Q: 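The structure is given below, and queries will be raised subsequently.
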Amino acid sequence: PRNEALDTVAGWPPEPTRLLTVVERRAMTMLHQALPEHMILAQVPLARFIRVPTRNSYTEWMRRVGQLCADLLVCDASSQVVAVVELRRPPGKDSERTRKRHERMDRVLHKAGIRVLVWNEEALPHPD
């Protein structure tokens with residue numbers, strides 16, 4: 001009861017933080033240079049650019065993938081997703097939980113017909 005009376009803003013004062021890591025900012029800059037005619041968006045939840053048929057439970061969809069975000073989206077001028085760029089640590093450096101989350105996201109994106117580019121965060125490609 002005492003916690004319910006707590007004012008969330010007063011109890012946990014919010015502070016702004018960076019949206020992107022250093023590696024994500026470098027990758028985004030590189031994509032802007034390589035694809036100036038495209039929109040590059042960062043940290044977009046899958047639920048914002050993938051939908052499921054209405055005969056399925058939206059609540060169940062959100063429970064399964066609602067927390068998954070694409071690192072970077074490459075979109076055409078009409079904001080249609082062209083590809084997802086995922087920045088990942090070298091193989092073997094992620095936890096089992098992280099690996100399973102990546103696998104789940106890859107399956108969803110593949111099934112939706114969205115191209116996924118997985119980049120090693122320690123060896124980003126050149127804009128060319």
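Along the sequence shown, the residues carry numbers beginning at 1. These figures come from a predicted structure and were not determined experimentally.
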Q: Indicate, with yes or no, if Leu19 and Leu87 share a hydrophobic cluster defined by side-chain heavy-atom contacts under 4.5 Å among Ile, Leu, Val, Met, Phe, Trp and Tyr.
A: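 Leu87 clusters together with Leu19.
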Q: Which atom pair, heavy atoms only, marks the closest approach of Ala34 to Pro127?
A: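 Looks like CB-O, 3.2 Å.
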Q: Taking side chain as C-beta onward, heavy atoms only, is Pro125 less than 4.5 Å from Met30?
A: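 When only atoms from C-beta onward are counted, Met30 and Pro125 do touch, with a gap below 4.5 Å.
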Q: Got a salt bridge between Asp94 and Arg99, using NZ or NE/NH1/NH2 to carboxylate O under 4.0 Å?
A: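 Salt bridge absent between Asp94 and Arg99.
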Q: Under a single-linkage definition using a 4.5 Å side-chain heavy-atom cutoff for Ile, Leu, Val, Met, Phe, Trp and Tyr, are Leu31 and Val23 assigned to the same hydrophobic cluster?
A: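 They do share one cluster, since a chain of ILVMFWY contacts under 4.5 Å joins Leu31 to Val23.
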Q: Give the minimum heavy-atom separation between Cys69 and Gln43, together with the two atoms involved.
A: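 Cys69 and Gln43 have their closest heavy atoms at CB-OE1, 3.9 Å.
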Q: May I ask whether Ile40 and Val118 are part of the same hydrophobic cluster, defined by side-chain heavy atoms of I, L, V, M, F, W, Y residues being less than 4.5 angstrom apart, directly or through others?
A: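 No; Val118 is not reachable from Ile40 via cluster members.
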Q: When you compare the side chain of His102 with that of Arg88, does any pair of heavy atoms fall below 4.5 Å?
A: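 Contact flag for Arg88/His102 side chains = yes.
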Q: When rounded to the nearest 0.5 angstrom, what is the spacing between CG in Leu73 and OG in Ser79?
A: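 That separation rounds to 10.5 Å.
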Q: I'd like to know if the side chain of Arg25 reaches the main chain of Leu20, judged simply by a donor and an acceptor atom lying under 3.5 Å from each other, with no hydrogens or angles considered.
A: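 Checked: pair present.
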Q: Using 0.5 Å steps for rounding, measure from the OG1 atom of Thr21 to the CZ atom of Arg26.
A: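 With rounding to 0.5 Å, OG1 (Thr21) is 8.5 Å from CZ (Arg26).
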Q: Does any part of the side chain of Leu46, heavy atoms only, come nearer than 4.5 Å to the side chain of Met105, both counted from C-beta?
A: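 When only atoms from C-beta onward are counted, Leu46 and Met105 do touch, with a gap below 4.5 Å.
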Q: Could you tell me if the side chain of Pro45 sits less than 4.5 Å from the side chain of Leu68, heavy atoms only?
A: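 No, their side chains stay 4.5 Å or more apart.
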Q: Quick one: do Glu122 and Lys93 make a salt bridge, cutoff under 4.0 Å?
A: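 Looking at Lys93 together with Glu122, the answer is yes, because their closest N to O distance falls below 4.0 Å.
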Q: Kindly check if the number of other-residue, nucleotide or ligand heavy atoms within 6.0 Å of CD (Glu37) is above 12?
A: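 It does: Glu37 CD has more than 12 such atoms within range.
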Q: Would you say Ile114 and Met39 are hydrophobically clustered, going by side-chain heavy atoms of ILVMFWY under 4.5 Å?
A: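 Shared cluster, no.
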Q: For side chain to side chain contact (heavy atoms under 4.5 Å, CB included), just list the numbers for Phe49 and Leu109, CA-CA rounded to whole Å, side-chain angles, deciding distance to a tenth of an Å, and then say yes or no.
A: CA-CA 10 Å; Phe49 64 94; Leu109 293 169; 3.7 Å; yes
Q: When you look at Val82 and Arg115, which way does the side chain to side chain contact (heavy atoms under 4.5 Å, CB included) test go after all the steps?
A: CA-CA 7 Å; Val82 174; Arg115 184 176 181 194; over 6 Å; no
Q: Verify, without hydrogens or angle tests, whether Glu24 (side chain) and Ala42 (backbone) share a donor-acceptor contact under 3.5 angstrom.
A: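 Answer holds: no.
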Q: Are any of the side-chain heavy atoms of Val74 and Val85 separated by less than 4.5 Å?
A: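 With C-beta onward as the side chain, the pair touches.
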Q: Are there over 12 heavy-atom neighbours, none belonging to His32, within less than 6.0 Å of that residue's NE2?
A: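 Buried by this count: over 12 neighbours within 6.0 Å.
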Q: Should Leu72 and Val84 be marked as a side chain to side chain contact (heavy atoms under 4.5 Å, CB included) after you check the CA-CA gap, both sets of side-chain angles, and the distance that decides it?
A: CA-CA 6 Å; Leu72 299 167; Val84 168; over 6 Å; no
Q: Could you check whether Lys100 pairs with Glu103 (Lys NZ or Arg NE/NH1/NH2 to Asp/Glu carboxylate O, under 4.0 Å)?
A: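 No salt bridge links Lys100 with Glu103.
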Q: Leu117 and Val81: same hydrophobic cluster, using ILVMFWY side-chain contacts below 4.5 Å?
A: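 Not linked; separate clusters.
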